[in-house]
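Step one of this worksheet: look at the structure below.
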Amino acid sequence: MTAWLMKSEPDVYGLSDLKRDQTTPWEGVRNYQARNFLRDDAQVGDLVLFYHSNAEPSGVAGLARVARAAYPDPTQFDPKSDYADPTSPPDAPRWVTVDLAFVEAWRAPVTLAQLKADSALESMEVTRRGSRLSVHPVSQVHFDRVVALGRANGVL
DNA sequence: GCCAACGTTGGC
DNA sequence: GCCAACGTTGGC
């Protein structure tokens with residue numbers, strides 16, 4: 001089991017959208033490192049810190065769970081999609097997606113400022129300057145700490 | 001294989 | 001809106 005952090009812009013697709021939909025394909029990952037994590041390491045049941053980027057404020061909004069392991073991302077073959085990749089070979093699709101399921105939302109996010117200020121989270125990837133990997137593993141210790149901070153804000 | 005140009009991410 | 005960080009592309 002691996003714990004994860006995945007970023008999304010709430011204006012595009014936020015945790016409240018996932019709560020409404022209950023499950024969603026995590027489409028549009030177009031970074032090789034992030035893809036490799038999804039393809040090679042994400043397993044059904046893995047828990048995910050759902051991070052809102054470009055938000056006011058940015059931070060971890062709650063939890064999701066991997067509901068389906070990696071499969072080819074259909075949007076790469078959809079010419080009308082923003083995520084279309086005409087160079088991806090149909091017989092060996094370049095990009096994958098996983099399905100996420102809603103788990104819980106917090107009354108207020110654990111903000112990036114809060115994450116940076118917490119000495120227990122010093123080495124956490126998302127607190128690093130210039131960090132922009134949208135899918136990456138999180139240590140169990142960091143995961144548990146962020147969940148404790150989030151739940152302290154109240155579970156919706 | 002190097003590296004400059006360019007595009008994207010995402011905090012502020 | 002600005003810009004730092006960093007990934008990708010393409011000329012050589």
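Just so it is clear, the model here is predicted, and its values are computed rather than measured. Quick note on labels: first sequence line is chain A, next is B, and so on, each numbered from 1.
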Less than 3.5 Å apart, any donor N or O on the side chain of A/Asp78 or A/Tyr83 sitting next to an acceptor on the other?
no
Under the 3.5 angstrom rule, does the side chain of A/Asp17 hit a backbone N or O of A/Gly14 as a donor-acceptor pair?
yes
Once the angle between the rings of A/Tyr32 and A/Trp95 is folded into 0 to 90°, is it parallel (under 30°), tilted (30 to 60°) or perpendicular (over 60°)?
tilted
Does any donor atom in the side chain of A/Thr75 or A/Glu27 lie under 3.5 Å from an acceptor atom in the other side chain?
no
Classify the nucleic acid contact of A/Arg128 as base, sugar-phosphate or nothing, counting any heavy atom under 4.0 Å across all strands shown.
sugar-phosphate
Please compare A/Asn54 and A/Arg132 by the position of their nearest nucleotide in DNA chain C and report the one closer to 5'.
A/Asn54
Residues of residues 72-83 of chain A with any non-hydrogen atom less than 4.0 angstrom from an atom of DNA chain B: list those, numerically ordered, please.
none
Give the first and the last nucleotide of DNA chain B, reading 5' to 3', that has any atom under 4.0 Å from a heavy atom of chain A.
B/dG7 to B/dC12
Ring pair (Phe, Tyr, Trp, His ring centres under 6.0 Å) with A/Tyr51: which residues, sequence neighbours excluded?
none
Are side-chain N/O atoms of A/Arg132 and A/Ser53 paired as donor and acceptor at under 3.5 Å?
no
In this structure, are over 12 heavy atoms from other groups packed under 6.0 Å from A/Asp40 atom CG?
yes
Strictly by modelled atom types, are A/Gln114 and A/Asp118 linked by a side-chain donor-acceptor pair under 3.5 Å?
no
